[in-house]
Amino acid sequence: MSNQKQNDPLFQPFELGGVTLPNRVLMSPLTRSRASQPGDIPNALNAHYYEQRASAGLILSEATQISPQGKGYAFTPGIHSNEQIDGWKKVTNAVHTAGGRIHMQLWHVGRISHPDLQPNGDQPVAPSAIRAEGAKTFISADSGMVDVPEPRALETAEMAGIVEQYRQGARNAKAAGFDGVEVHAANGYLLDQFIKSGSNHRTDEYGGTLENRLRLPLMVIQAVIDVWGKDKVGVRVGPTGSFNGMYDNNPIETFSTFAKHLNDLGIGYLEVVEDSFQGNHANGRPEDVIDAIRAAYKGTYIANGAYTAEEARIRISEGRCDLVTFGRPFIANPDLPERFRQNAPLNEWDDSTFYGGDEHGYTDYPALEKLEANA
Ligand code: PHB
C-alpha cells in the first residue's frame, strides 16, 4: 500500500518550462466573476482563493481579458490597466508565498460578448459575421444572461492590432509576476472562432483554407512567445467542443495540423479540452482526435475534462497525458492534491455559486485538516 502510494502517478514531479511541478494535479482556468468594480480588478479575496489552492502542481488563472474589446462577461478580470496589474500582483504574491506556481490565461472572447460590455457600445468582433447559436453571456447583475448578438467581421487590417492586444497582455502578465501564460484557443472564444470552420468563413488570408484559419492564432502565439520565451507559453485547445455554438468539419485534420505547428514553435505545453466545456464523457473521450494530436505534438500534453483522480492516474500511466487539469473539484476542494493523495472524500461543488458573489462558495470550502479538527 505504501509502495503504491509512493508510486502514485499523480505525485511524480514533472519538469515544465524549467520549473519542477511537485505533482500532476493542476488547477484548470475557472471563470468565477468576482473581480472588483469598476475596472474588473483582482482583489484580496481573489488572492486568498488562489492562495488556498497553491498546492496545485500549477494553477492556471481564470480567463483574463487582454483588452477592453476582449471582454465577454461582467465581473471577469482584465490585464490591460495598471490597477489590474497591481491587483494580479496580490494574487501572484499570495500564491508564491504559499509555495505555488501560477500562469495567466490570456483571453479575447471575440463574438461571445455584447455591446453593453464593449467600449463605446461597439458590436463584438469575430472572424465572420456569424452569431454564436445558443450562446449566452452575462451582461449585468440586473439583466443576467442574454443571447449574444451577431458580431462584426474583423477587417484584414485589424489583425495586427489583435496580435498587439495579446502581446501587451503577455507583457502585463509578466509585470504582474506570473510564472508563465496560457493562450486560450478553446471553448468558442476568438482564436477558436478563427480555427474552426463553422465560425470562420473569411475569404482573405485569415480564412478559407485550414492554413489560413490557423494564421491569426499562430501569429498571436508567436507574439506571446516573443515576450515570454517558448517554454513559458502554453496553449489550450478544444477540438471537439460545441459550447458557444462551435463546429469544425474535420477536427482530426484541423487539430493535428495546429498541433504540428505548435510542435514546431516548441511551446511549453498543449492543454486539450477533451470533449466540450463541462462535458461529462458519458460517451467516452475523442480518442481519435487525441491520438492525432499526440502524434503531431511531442511536447507536454495536459488533459482536461471531468477527470476523476483514478482516471487521471490511469491516463498518465498509459502515457495518454503528462498532466491533468481539474476544474470543478478544485472549486470545492482547495486542498485537492492532498485529498487525492489520501484518497479522502471530496467536498461537493455548488454550481449556484460558480459565477459572481462573495466568499460564499469561493473561499469557504473547508480543507481537510479543518474537517478533521472539527470532527
Ligand atoms: C465562462 O465564463 O462561461 C467560460 C469562460 C471561459 C471558458 C469557458 C467558459 O473557457
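For ligands, and for the atoms within them, numbers begin at 1 and follow the listed sequence. For the numbers below, each heavy atom of this structure counts, side chains included, while hydrogens, waters and symmetry mates do not.
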Compute the centroid of each ring, for His184 and then for Tyr189, and state whether the two points are separated by less than 6.0 Å.
->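 Between Tyr189 and His184, which both carry aromatic rings, the centre distance is below 6.0 Å.
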Counting heavy atoms only, which of Thr137, Ile112, Thr31 comes nearest to atom 5 (C) of ligand 1?
->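 Closest candidate by heavy-atom distance is Thr31.
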To which protein heavy atom is atom 3 (O) of ligand 1 closest, and what is the distance rounded to 0.1 Å?
->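 Of every protein heavy atom, Tyr355 OH, 3.6 Å lies nearest to atom 3 (O) of ligand 1.
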The closest protein heavy-atom partner of atom 6 (C) of ligand 1 is Tyr189 CE1, 3.5 Å
Short N or O distance, Asn187 and ligand 1, threshold 3.5 Å exclusive | yes
Full working for ring-ring contact (aromatic ring centres under 6.0 Å, His included) between Phe340 and Phe326 = CA-CA 12 Å; Phe340 283 173; Phe326 295 87; 5.1 Å; yes
In terms of atom number and element, which parts of ligand 1 are under 4.0 angstrom from non-hydrogen atoms of Phe243?
->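 Answer, ordered by atom number: 8 (C), 9 (C).
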Expected output: side-chain [X] to main-chain [Y] donor-acceptor under 3.5 Å:
{"X": "Arg53", "Y": "Met27", "value": "no"}
{"X": "Lys174", "Y": "Val227", "value": "yes"}
{"X": "Glu271", "Y": "Gly234", "value": "no"}

Is ligand 1 less than 4.0 angstrom away from at least one heavy atom of His184?
-> yes
